[in-house]
Amino acid sequence: MKYTQLGRTGLKVSRLVLGTMNFGPQTDEAESHTIMDAALHAGINFFDTANVYGWGANKGRTEEIIGSWFAKGGGRRDKTVLGTKLYANMAPSDDGVWPNHDKLSALNIRRSVDASLKRLGTDYIDLYQFHHVDRDTPWDEIWQAIDILVQQGKILYVGSSNHAGWHIARANETAARRGSYGLVSEQCLYNLAERRAEMEVIPAAQGYGLGVIPWSPLHGGLLGGALRKEREGGASRSGTGRSADALANSTIRAQIQSYEDLLDKHGLEPGEVALAWLLTRPGVTGPIVGPRTADQLASALRAVELELPDELLASLDEIFPGPGPSPEAFAW
């Protein structure tokens, strides 16, 4: 495994991040433990979760599964850089949410971190992340709450997720004025098929010293050999959601076909190339991989050692052109 610093911090993290969103809803506790053991054995030390994972009536279940894995001992907690998130309410449904039980008020931050610590069975969180921007709570209030948690030793670093570039700027300018450390990472939707983050989010992250942690690196399965699996009649995540909508578009479908044809010529696996491409991108700490099985984890691990030649990278840019830098991308 290869390692890098998380943004401007001294914290060393693996170039792949183990995403745990499937633990509980799609992967049972025993298999989840097996995957986490395999990840740690392979050198992945950066695990990502969120308080809402488990979903619906089972919100919090994923954190509990990680907590039961930590409880097995063997240095598991000590070896793991743990990131979790808060923002959404933890009620079984979004109907009738009680006031102050969601978003980023000082009250909900305090309540949420204590609940996550209990489910995770640990006394600190390495990276506490805002799952979404709160348009109603001022950053001064957020940082006041966070500074207290840092002083109490309950959290070490803070990151954002799904924030725009100007949100990152405002957050860290406010933090600097207060003498707070500010955001050290940003999780954003970023992959070969979705490169809009390159316009402003990633430059803002680089400018303020945040590590970029891409989620959905295969775009929901679209970049994982979706058309090949479709022809072979195999199960594919591209059959639903964002990827299904994309494949229904003839232009995007042709784009994905060109992608798969290109990699067939090079004898490469689409999913592994999509991950390896992200590892070449400026500012990227490491993509989040969310394996449902140990075999899927093994495939992701191969991407770390995959060296993409310049000719192939140029061909990928032709198939999936980026938006270009800001403001040139939209100014002229």
Flag, side chain of S116 to backbone of V113, donor-acceptor distance under 3.5 Å: no

ILVMFWY clustering at 4.5 Å (side-chain atoms), partners of V13: L6, L11, V17, F46, V81, Y124, L127, L156, Y157, Y181, V184, L189, I213, W215, I288

Working for side-chain contact (heavy atoms from CB on, under 4.5 Å), residues Y208 and L183: CA-CA 8 Å; Y208 283 96; L183 302 173; over 6 Å; no

Co-membership, hydrophobic cluster, residues I148 and Y128, 4.5 Å side-chain: no

Joint hydrophobic cluster, V273 plus L313, side-chain heavy atoms closer than 4.5 Å: yes

Verify same cluster id: I168, V133 (apolar side-chain graph, 4.5 Å): no

D134 side chain to L104 backbone, donor-acceptor under 3.5 Å: yes

Interatomic spacing from CZ in R302 to CG in L297 - rounded to 0.5 Å: 10.0 Å

D123 side chain to L117 backbone, donor-acceptor under 3.5 Å: no

Expected output: side-chain S258 to main-chain A254 donor-acceptor under 3.5 Å: yes

D48 CG to S161 OG distance, which is reported to the nearest 0.5 Å: 8.0 Å

Aromatic plane relationship, W55 with Y53 - under 30° parallel, 30 to 60° tilted, over 60° perpendicular: tilted

Any side-chain heavy-atom pair of D245 and I252 under 4.5 Å: no

W139 side chain vs N172 backbone, donor-acceptor pair below 3.5 Å: no

R110 CZ to Q152 CD distance, which is reported to the nearest 0.5 Å: 7.5 Å

W277 backbone acceptor or donor facing T280 side chain under 3.5 Å: yes

Salt bridge (charged side-chain N to carboxylate O under 4.0 Å, His left out) partners of residues 151-164, not counting sequence neighbours, each pair once: D114-K154

Interatomic distance, T80 atom OG1 to D126 atom CG [nearest 0.5 angstrom]: 8.5 Å

Sequence neighbours excluded - salt bridge (charged side-chain N to carboxylate O under 4.0 Å, His left out) pairs with any residue from residues 188-216: E194-R196, R195-E198, R195-D317, E198-R281

Atom CD of E311 with >12 non-hydrogen neighbours under 6.0 angstrom: no

Test salt bridge (Lys or Arg N to Asp or Glu O under 4.0 Å) applied to R177 - qualifying residues, sequence neighbours left out: D140

Shortest non-hydrogen contact between G24 and S32, atoms and distance: N-OG, 4.3 Å

Distance-minimising heavy-atom pair for L120 and F70: O-CD1, 3.5 Å

Test item: Q255 and N249 side chains (from C-beta on) under 4.5 Å apart, heavy atoms: no

Approximate separation, where rounding is to 0.5 Å, of L16 CG and T285 OG1: 12.0 Å

Sub-4.5 Å side-chain heavy-atom contact between F130 and I146: yes

Shared hydrophobic cluster, Y87 / I125 (ILVMFWY, side-chain heavy atoms < 4.5 Å): yes

Heavy-atom neighbours of K118 NZ exceed 12 at 6.0 Å: no

Within residues 22-40 or reaching into it, pairs that qualify as salt bridge (charged side-chain N to carboxylate O under 4.0 Å, His left out) - sequence neighbours excluded: E29-R61, D37-R76

Distance-minimising heavy-atom pair for E186 and C188: OE2-CB, 3.6 Å

Candidate pair I44 and L301, rule side-chain contact (heavy atoms from CB on, under 4.5 Å), full reasoning: CA-CA 9 Å; I44 296 178; L301 287 167; 3.7 Å; yes

Under the salt bridge (Lys or Arg N to Asp or Glu O under 4.0 Å) test, residues paired with R8 that sit two or more places apart: none

Within-4.5 Å side-chain heavy-atom neighbours: L227 and E230: yes

Candidate pair R111 and H101, rule side-chain contact (heavy atoms from CB on, under 4.5 Å), full reasoning: CA-CA 8 Å; R111 176 185 292 121; H101 278 222; 3.6 Å; yes

Student check: side-chain heavy atoms of P214 and N191 closer than 4.5 Å: no

Side-chain donor-acceptor pair present, T62, T20, cut-off under 3.5 Å: no

Minimum side-chain heavy-atom gap S112-M90 below 4.5 Å: no

I256 and L223: CA distance, side-chain angles, deciding distance, side-chain contact (heavy atoms from CB on, under 4.5 Å) verdict: CA-CA 7 Å; I256 297 302; L223 298 169; 4.1 Å; yes

T84 side chain to E63 side chain, donor-acceptor N/O pair below 3.5 angstrom: yes

Considering all heavy atoms, the nearest F320-A193 contact: CD2-CA, 4.0 Å

Reported OG1-to-CZ distance for the pair T49 and F23, which is rounded to 0.5 angstrom: 8.5 Å

Short side-chain to backbone donor-acceptor contact, K59 and N51, under 3.5 Å: no

K12, NZ atom: more than 12 neighbouring heavy atoms under 6.0 Å: no

Whether E64 side chain and R119 backbone form a donor-acceptor pair below 3.5 Å: no

Check: M36 and I65 side chains under 4.5 Å, non-hydrogen atoms: yes

Closest heavy-atom pair and its distance - N22, G290: ND2-O, 2.8 Å

Heavy-atom closest contact (A88 atom, V52 atom, distance): CB-CG1, 3.7 Å

Flag, side chain of N45 to backbone of S14, donor-acceptor distance under 3.5 Å: yes

Beyond-backbone contact of Q206 with P282, side-chain heavy atoms, under 4.5 angstrom: yes

N/O donor-acceptor pair under 3.5 Å between E260 side chain and R228 backbone: yes

Ionic contact status for K103 with E141, cut-off 4.0 Å: no

